[in-house]
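First comes the structure, then the notes that go with it.
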Amino acid sequence: MSATEVMQKRFAAALMPNYGLPQLALARGEGCRVWDADGREYLDLFAGIAVSSLGHAHPALVAAVTRQVGALAHTSNLFLHEPGIALAERILALLGPGAGPADARIFFANSGAEANEAAIKLVRRHWDRQGQSRARTVVVATENGFHGRTMGALALTGKASIRDPFAPFGIDVRFVPFGDADALRAAAGPDCAAVFVEPCQGEAGVIPPPPGYLRAAREACDTSGALLVIDEIQSGIGRTGHWFAHQAEGITPDVLTLAKGLGGGLPIGACVGFGAFGSVLGKGDHGSTFGANPVACAAALAVLETIDADGLLQAAVTVGRQLGDGIAAVDHPMLAGVRGQGLWLAAILAGQTAAGVEAAARRAGFLVNAVQPDAIRLAPPLIITAGEAAAFLTALPRILDDAAAAGAAS
Ligand SMILES: Cc1ncc(COP(=O)(O)O)c(C=O)c1O
């Protein structure tokens, strides 16, 4: 039995089966490379679901985490600490117009779903403070959108197979087709408390909306008075070549949620309230024992500093274009195209063959993700080099041939 098989057996006996049985046991990583428990090397084009923005064992992340855990690993929110304040200030500076920080305030959580739970509570508390909690009851969200697995975030998740087994939720959600500005305008009526939207749908298969969609959502919310909540949990922190994807449309949300790439692999989420919305959650309204954990905050500071110092936004644009153009140039009957922006792409397949392509890529030494039956998601670390991208592009026709020969579908 291989080391991986031994771990699979132990996993199946000790852990709930909600993740199925993972095919690979990862033991260590360095840069964009990871090694499995049996010593095989892979190029990681997936970064643990768009999380490991600096790749694996990045010296800046290792140093920041080591320093902080050696100084103070946890304080609770009954005490101030420097990394939490500095991180909030840094994020506000990145969100600000021109040279100044944004007029906004931040709540730190431990995950994306928790960041969205904070946003849902912020929306509710806002309308409660306005005396309109019974009038503004509806949240508008998008079909096939994904906002997390906790009960509030799940209620807004527009995929029936994920949501329906856990209904009811206690949130009245009106789903609209993603990218349809007219439908969004029509849904955001006087009963609408908030609109929750991703700038580009990640779990649905890296699906960008038509240009101007976020601006239309902003206008619809301005007209109705509803809050615009932008979920940048997957799209944020440089993945699209912008610090935050919504900045490309020149709009400001009322609430912004972040997680994934922010901590570079350490668990952290953030809910940003702009203007007056930054002060809606008052003393006692919300909290988290681990939220704003100093080690996670120190990691996130190292991530933001490294993205800035190493020019990784520009790299995301350049290497992203190389990857996207390279995939588009591959002439193969299994491949139908490519979509996405920066280092956040989906290779679109001609059939429902993604699981087979993911497995063939793994056999060839590349980690990619079958995000949908007909789409392979690439969300590599932002430090991926042109040479590493080229290695994948060279291997891609062979991977597709191998998937076809193996019968592709699974
Ligand atoms: C857009 C978006 N929102 C929320 C989440 C949930 O984040 P988490 O898994 O950290 O709870 C995800 C996770 O994939 C996501 O892509």
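For ligands, and for the atoms within them, numbers begin at 1 and follow the listed sequence.
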Residues in ring pair (Phe, Tyr, Trp, His ring centres under 6.0 Å) contact with F274, at least two apart in sequence or another chain:
none
Without hydrogens or angle criteria, can the side chains of T240 and Q341 be said to hold a donor-acceptor pair below 3.5 Å?
no
Set of residues that line ligand 1, where lining means a heavy atom lies under 4.0 Å from it
S111, G112, A113, N116, F146, H147, G148, E198, E203, D231, I233, Q234, K260
Treating S53 as the side-chain partner and G261 as the backbone partner, does any N or O pair qualify as donor plus acceptor under 3.5 Å?
yes
In residues 354-367, what donor-acceptor pairs under 3.5 Å come from side-chain atoms, sequence neighbours left out?
{"unit_1": "E358", "atom_1": "OE1", "unit_2": "A370", "atom_2": "N", "d": "2.7"}
{"unit_1": "E358", "atom_1": "OE2", "unit_2": "R362", "atom_2": "NH1", "d": "3.3"}
{"unit_1": "R363", "atom_1": "NE", "unit_2": "D402", "atom_2": "OD2", "d": "3.1"}
{"unit_1": "R363", "atom_1": "NH2", "unit_2": "D402", "atom_2": "OD2", "d": "3.3"}

Solution key, residues 79-91 side-chain donor-acceptor pairs under 3.5 Å, sequence neighbours excluded:
{"unit_1": "H81", "atom_1": "ND1", "unit_2": "G84", "atom_2": "N", "d": "3.1"}
{"unit_1": "H81", "atom_1": "NE2", "unit_2": "A292", "atom_2": "O", "d": "2.7"}
{"unit_1": "R90", "atom_1": "NH2", "unit_2": "D308", "atom_2": "OD2", "d": "3.2"}

If you round to the nearest 0.5 Å, how far is CD of E203 from CZ of R377?
4.0 Å
